[in-house]
Amino acid sequence: MRRRLAAAAALVLLAACSSPPEPARAPAGESTFVHVKNLDVITEWDPGKSYSNELVAFQNIYETLTFWNPVTKKSTPRLATSWRASADGRTWTFNLRTGVTFHTGRPLDADAVKESIERTMATKTGASYIWDAVSSIRAEGPSTVTFTLKYPVPLDLVASAGYAAYIYDTKAATDLTAWFRQGRDAGTGPYTVAQWQKDKEEELTLKAYDKYWGGWDKPHYNLVKYRVVPDADRAWQLLLRGEVDFVERLNPRLFSRASATPGVRTSERPSFQTAMLLFNTAEGPMKDVRVRRAVQKAIDYRGLIKDLKGAGSPTSGVIPEGLMGHVPDREPTQDLAAAERLLRLAGYGPGGRPLRLRLTYGEGDTDWGLLAAQLEATLKPLNVTVQARSMPWNDQWELGKRRGQDIFVMYWWPDYADGYSYFGNVFHSGEPPVFNLTYLKDDELDALLDTVAELTVTDRPAAQRAYEQATRRVLDQRAAVALPWVTNYQRAYLGSIQGYVDNPAYSDVVFVYDLRPSA
C-alpha cells in the first residue's frame, strides 16, 4: 500500500509540472464500470430498511414502480407502465410491466408488489413513512395493483422514491432479514450482487442479470464495481490511469484540472443535496439556544461559497430551489458581533468560560474539511474551540445516534422529489433518532409537519405556507441547524463513456445500464 501511495504522489508532482496526461483507455472489449466514492457504500442490505449511501448501488439492483424524470419533472414508467388516480386522490391503480423476473427467478406480479410494499411499511424504519397514507393494497389480477389511501398524496411520486419504494422478492428466504445481511439481493434491476467485501476499498461488485427485462442486445457494462477512496488526489490519479471510470466528488482544484484534461469529461449541475450542520439541542453546551444561534451567525457563508469555487450555491430556507417548500430570500449571512453578544449572554465568549464543541463529518470530503477549518478559525477569537473529527460514515452515524457530538455535519437529499423529508425526517421528533440528529422534540412543529403531505395534494398554497412556518421555527426560533450551501454536483469521468445523466432526485447515482462503454 505504501508503494502505491508513493507512486500516486509522484504522479501528482509530475502532473503539476507538466501538461496533464490523457487518461489510459480500458482494453478493447472491457465492460467493467468502476465508480469511486469517498464514503462506505453499504450501510444496510435490506431494501425495506435501506436509508443511506447504498442508494448508488441499489438503484442499479432494485427498481421502483415509477421513476422521476429530471427533464419533465414528472413520474415516468419503470416497473409500472401506467397508472391512474381517482378524482378524490384516494385510490391509485398501477398496471405492471409483464415479463419481469426477480434475480431469484420468481416472476414479478401484483402479489409480489403488494407483499414487498407491505413488508417495507411494517418495518417502520428508514423512509417507510412514505407509505403512511396507504390503508390497503389489493392485487387485482396478475398485473394490476390498487392502493386505497387514508388521505390523498401524490402516490406516483411516492412510488419513485430512492428509498423504501423498491420492489423485491419477499419469498427469497424464510428469514429475509438474515438473508439480506449476508450481502444478497432480491431485485429486478439490470445488475445483481457478485461480491461484497465489507470495509475493503473494492467494497462491492455487481454483475449483469442476464434475464433483465430491458435486454442486453446493445452495448452495456456487464460488471459494476464500487471503490471507496477517501483521498481525492488518489481518486483523480486512478481516473487518469484509467483504473476507474467515474469519480463522484473532487475538490475545486482537481475539478478545474479535470475540466482541462483531454480524455476526461466533467459534469456540473445544481442538486437537491443540502449541506447541514445539525446542532445537539438535547444536551451539552448547544442545548442553550443562544449558543446555537451564535454558531449560526459565526459561519462565513459567503466566504465558503467563494472557496468552494462552483461546488456550492447559497441556501435559502431549508428546502432547495426546485422542490415544493422552498422559501426564497432567506440566504444566511455572517454576523460576528451578534455571535459574540449571544455567547456572552450564555456565559462564554471573550473573557467568559471557554467553550469546546465537538464536530464530526464524513472522511474524504474536502468541502467539509474546508468548513471545519474555517469554523475553527472564526470561533477561536471568541474563546470557542472546535474539535473537528472526520470519520467513516457508518462510524459517524452510529456516534450521532448515541448523541456523541455537538455538531453533526452531513448532506441531505430528498427521499423523493418533494421537500417533505427535509423536515419530516430531519426535524420531526423521533426516538430513537435515525436522522433527527438535532434530537429536536417540538410538538408544535410536529403537528404542523403532519399536515403537509395531504395539503400538498389538496391545497398547495396552504402547504407552502406550512413549509414557510416550519422554516421559521427550525431556523429562527429553535436554531437547530445551519445550512451553509447547496451542492453543485461536480463529476469527472472518462471521455469515452456515453449516456451519463445526473438526476438530482437520486443523489450520486450512476444508472449504469443507460451508459454505453467504449468500443
Side-chain angles (χ1 to χ4, degrees), residues 48 62-100 107-124 126-168 170 188 322-325 414-421 423-425 447-467 505:
Y62 294 96
E63 293 174 302
T64 49
L65 290 175
T66 61
F67 183 79
W68 192 77
N69 187 310
V71 177
T72 64
K73 296 182 170 43
K74 293 180 179 179
S75 298
T76 56
R78 205 173 192 186
L79 289 178
T81 56
S82 62
W83 51 91
R84 64 184 183 277
S86 61
D88 64 1
R90 292 173 182 257
T91 304
W92 288 74
T93 300
F94 292 82
N95 299 309
L96 303 180
R97 190 178 299 279
T98 58
V100 179
L108 173 80
D109 59 15
D111 285 327
V113 171
K114 169 182 162 66
E115 294 159 3
S116 177
I117 295 175
E118 286 179 341
R119 179 182 179 275
T120 296
M121 292 170 62
T123 66
K124 297 188 182 301
S128 63
Y129 80 93
I130 67 175
W131 303 108
D132 282 354
V134 174
S135 61
S136 66
I137 308 174
R138 299 191 310 276
E140 302 187 69
S143 301
T144 304
V145 185
T146 296
F147 295 77
T148 302
L149 309 185
K150 293 173 281 190
Y151 50 87
V153 297
L155 203 67
D156 61 327
L157 191 59
V158 169
S160 72
Y163 301 103
Y166 298 123
I167 306 303
Y168 52 96
T170 60
T188 62
L323 294 174
M324 179 70 180
D415 299 332
Y416 55 93
D418 179 83
Y420 177 78
S421 72
F423 284 103
N425 294 68
L448 180 65
L449 295 176
D450 289 342
T451 69
V452 170
E454 182 173 355
L455 287 175
T456 299
V457 175
T458 61
D459 190 343
R460 290 180 69 84
Q464 181 64 29
R465 290 193 295 272
Y467 276 125

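One-based numbering along the sequence shown.
- Between Ser135 and Lys150 the shortest side-chain heavy-atom distance falls below 4.5 Å.
- The main-chain N or O of Trp68 is never found under 3.5 Å from a side-chain atom of Ser75 such that the two would form a donor-acceptor pair.
- Taking both residues in full, the closest heavy atoms of Trp131 and Ala159 are given as CH2-CA, 4.2 Å, listed atom of the first, atom of the second, then distance.
- A salt bridge does not link Arg119 with Glu115: every distance from a Lys NZ or Arg NE/NH1/NH2 to an Asp or Glu carboxylate oxygen is 4.0 Å or more.
- Between Ala110 and Ala139, the shortest heavy-atom distance links the atoms CB-CB, 3.6 Å.
- For Tyr62, there are no side-chain hydrogen bond (donor to acceptor under 3.5 Å, both in side chains) partners at least two apart in sequence or on another chain.
- When the options Val113, Thr120, Leu108 are evaluated for a side-chain contact (heavy atoms from CB on, under 4.5 Å) with Tyr168, the one that passes is Thr120.
- Atom CD of Glu63 is separated from atom OG1 of Thr188 by 3.5 Å, given to the nearest 0.5 angstrom.
- The main-chain N or O of Gly162 is found under 3.5 Å from a side-chain atom of Tyr166 such that the two form a donor-acceptor pair.
- Evaluated for a side-chain contact (heavy atoms from CB on, under 4.5 Å) with Ile117, the options Val134, Thr170, Ile167 yield exactly one hit, Ile167.
- Among Val153, Asp156, Leu65, the one residue that satisfies the side-chain contact (heavy atoms from CB on, under 4.5 Å) test with Trp92 is Asp156.
- Residues Thr146 and Glu140 are in side-chain contact: their nearest non-hydrogen atoms beyond the backbone lie under 4.5 Å apart.
- Under the 3.5 Å distance criterion, with hydrogens and angles disregarded, a donor-acceptor pair is assigned to the side chains of Thr148 and Arg138.
- With hydrogens and angles ignored, the 3.5 Å screen pairs no side-chain donor or acceptor of Thr144 with any backbone N or O of Gly141.
- Closest non-hydrogen pair, Tyr416 versus Ser160, comes out as CB-OG, 4.4 Å.
- Judged purely by atom type and a 3.5 angstrom limit, Trp83 has no side-chain atom pairing as donor or acceptor with the backbone of Leu155.
- Annotation: the span from Thr64 atom OG1 to Arg78 atom CZ amounts to 4.0 Å, rounded to 0.5 Å.
- Here the side chain of Tyr467 pairs a donor or acceptor atom with the backbone of Tyr420 at under 3.5 angstrom.
- Summarising the geometry, atom OG belonging to Ser136 is positioned 8.5 Å from atom CD belonging to Glu118; distances are rounded to the nearest 0.5 Å.
- Put simply, the side chain of Ser86 gets close to the backbone of Thr91: a donor and an acceptor are under 3.5 Å apart.
- Without hydrogens or angle criteria, Thr66 side chain to Pro77 main chain gives no donor-acceptor distance under 3.5 Å.
- Distance check: Leu455 CG to Leu448 CG gives 9.0 Å after rounding to the nearest 0.5 Å.
- The shortest side-chain heavy-atom distance between Val145 and Thr93 does not fall under the 4.5 Å cut-off.
- Two rings, from Phe94 and Phe147, have their centers less than 6.0 Å apart.
- For Ser82 and Asn95, the side-chain atoms include at least one donor-acceptor pair closer than 3.5 Å.
- Take Pro152 and apply the side chain to side chain contact (heavy atoms under 4.5 Å, CB included) test, not counting sequence neighbours, and it matches Arg90, Glu454, Val457, Thr458.
- In terms of the side-chain hydrogen bond (donor to acceptor under 3.5 Å, both in side chains) criterion, Thr72 has no residue partners (sequence neighbours excluded).
- Across all their heavy atoms, Thr123 and Gly48 have their closest contact at OG1-O, 3.5 Å.
- Residues Asp132 and Ser128 come closest through the heavy atom pair OD1-O, 4.1 Å.
- Under 3.5 Å, the side chains of Asp415 and Tyr129 contain a donor-acceptor pair of N or O atoms.
- Using modelled atom types, one side-chain atom of Thr456 and one backbone atom of Val452 make a donor-acceptor pair closer than 3.5 Å.
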